[in-house]
Enquirer: 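Before anything else, here's the structure in question.
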Protein chains: 2
Amino acid sequence: MKENSSIFCQNKNQPTERFLEVCLLLLLHEKDDYGYGLSQELPFFGFSDNELNVSTMYRILRRIEKIDLVESTWEESGLGPRRRVYRITEKGKEELSKWIVILKNRKLNIQKLIDRFERPDHYNHLEE
Amino acid sequence: MKENSSIFCQNKNQPTERFLEVCLLLLLHEKDDYGYGLSQELPFFGFSDNELNVSTMYRILRRIEKIDLVESTWEESGLGPRRRVYRITEKGKEELSKWIVILKNRKLNIQKLIDRFERPDHYNHLEE
DNA sequence: GTTCACTATATACAACATGAAACTAGTGAT
DNA sequence: ATCACTAGTTTCATGTTGTATATAGTGAAC
């Protein structure tokens with residue numbers, strides 16, 4: 001069982017903050033970047049100051065590097081500490097594509113729940 | 001900081017399977033039900049056979065009872081083992097309403113990500 | 001010249017959530 | 001007797017989180 005688990009990327013959990021992982025992959029799909037720079041793009045996806053935990057973000061970056069979704073090198077900035085600049089790999093791009101499919105589904109399921117909450121009449125015929 | 005954390009229900013994480021919690025609250029908002037019965041309604045929200053872990057579901061039911069979002073009583077079914085029948089509380093209804101707001105936001109953020117993946121041109125002007 | 005704010009990354013810790021598996025147990029059909 | 005279905009619980013290893021803490025470079029204000 002669970003052989004149709006393509007819906008689960010890597011057969012792992014899908015905690016919400018996996019969404020952060022996908023956001024990072026998307027941003028790195030657009031262009032190479034480093035942690036601090038990425039953190040400034042994240043409010044676009046709803047991770048505003050209060051909601052972004054930078055520890056979590058840096059941890060995710062290290063984790064997805066370990067599983068070869070991204071690669072990194074150190075670069076001198078001249079205007080502050082060194083930056084670890086990340087680059088998405090082919091494997092990372094494939095992972096991103098799979099996540100897009102999952103997220104489309106997730107969005108639909110959320111919509112279903114909202115509809116059912118706001119228009120209960122459409123589902124009442126199930127009552128006995 | 002984090003005082004505007006009404007966006008985080010009970011200040012806790014929002015792992016994806018919290019979505020399962022909200023589905024259960026919604027179903028119990030519609031009518032009283034027991035675990036096994038609820039499990040048969042869950043495919044509607046995307047929790048098909050392969051994707052629903054019944055341990056998780058039963059665990060969530062016990063957890064949300066502990067924090068008074070639902071109450072339960074044992075009932076004889078006559079056609080099998082006893083059933084623990086759950087009923088949503090006022091607190092549970094309030095929690096459900098808060099979650100609906102969160103999920104509407106989550107849906108929007110997912111949509112933003114999908115759009116940005118599929119129509120990168122609209123975001124390219126950011127490049128240097 | 002030192003304090004402050006900003007830039008930049010990393011790690012340790014306790015708390016919590018998960019999937020998988022095993023377990024108990026009642027009913028009814030083969 | 002065995003099987004399939006109904007019904008719920010607990011244990012275990014693994015994984016993820018937020019918080020706090022640490023380090024360190026730059027440049028401006030005082």
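Just so we're on the same page: letters track the sequence lines, and every chain starts at 1. FYI, side chains are in, hydrogens and waters are out, and symmetry mates aren't considered; it's all heavy atoms of this structure.
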Enquirer: CD/A:E21 to CG/A:L61 distance, rounded to the nearest 0.5 angstrom?
Expert: 9.5 Å

Enquirer: Starting at the 5' end of DNA chain D, which residue's closest nucleotide do you reach first, B:Y86 or B:L79?
Expert: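 The answer here is B:L79.
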
Enquirer: Separation of A:L52 atom CG from C:dT9 atom P, in whole Å?
Expert: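 Between P of C:dT9 and CG of A:L52: 13 Å.
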
Enquirer: Both A:R82 and B:P81 contact DNA chain C. Taking the nearest nucleotide for each, which residue is further toward the 5' end?
Expert: A:R82

Enquirer: Measure from the side-chain heavy atoms of A:R59 and tell me the nearest of D:dA7, C:dT11, C:dA17.
Expert: C:dT11

Enquirer: From C-beta outward on B:S55, which listed nucleotide comes closest to its side chain: D:dG18, C:dA21, D:dA7?
Expert: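 Nearest nucleotide to the side chain: C:dA21.
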
Enquirer: Is the NZ or CZ atom of A:R106 both under 6.0 Å from the centre of the six-membered ring of B:F19 and within 45° of that ring's axis?
Expert: no

Enquirer: Say you draw a straight line from CD1 of B:I67 to CD of B:E95; how long is it, rounded to the nearest 0.5 Å?
Expert: 6.0 Å

Enquirer: Within this structure, what is the CG-to-P distance between B:L61 and C:dA17, rounded to whole angstrom?
Expert: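 B:L61 atom CG is separated from C:dA17 atom P by 14 Å.
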
Enquirer: For A:R62, answer base if it contacts any base atom (sugar-phosphate contacts may also be present), sugar-phosphate if it contacts only those atoms, and nothing otherwise; contact means non-hydrogen atoms under 4.0 Å.
Expert: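 A:R62: backbone/sugar contact only, no base atoms under 4.0 Å.
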
Enquirer: Checking contacts here: which listed nucleotide (D:dT9, C:dA25, D:dT17) is nearest the side-chain heavy atoms of A:I60?
Expert: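 The listed nucleotide nearest to A:I60's side chain is D:dT17.
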
Enquirer: Measure the distance from CZ on B:R63 to P on C:dA15 and round it to the nearest whole Å.
Expert: 17 Å

Enquirer: Side chain of B:Y36: nearest nucleotide among C:dT9, D:dT16, D:dC5?
Expert: D:dC5

Enquirer: Is the phosphate of D:dA7, meaning OP1 or OP2, less than 4.0 Å from a side-chain N or O of B:R83?
Expert: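 For D:dA7, OP1/OP2 do have a side-chain N/O of B:R83 under 4.0 Å.
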
Enquirer: Checking the side chain of A:T89 only, and the main-chain atoms of A:D68 only, is there a donor and an acceptor separated by less than 3.5 Å?
Expert: yes

Enquirer: By nearest atom, which of the nucleotides D:dA7, C:dT9, C:dA17 is closest to the A:R84 side chain?
Expert: C:dT9

Enquirer: Given side chains that start at C-beta, do those of B:L20 and B:L42 come closer than 4.5 Å, heavy atoms only?
Expert: yes

Enquirer: With a 4.0 Å cutoff (strictly under), does any side-chain N or O of A:Y34 reach OP1 or OP2 of C:dA8?
Expert: yes

Enquirer: Between D:dT17, D:dT10, D:dG8, which one does the side chain of A:T56 approach most closely?
Expert: D:dT17

Enquirer: Are A:Y58 and C:dT9 close enough that a side-chain N or O sits under 4.0 Å from OP1 or OP2?
Expert: yes

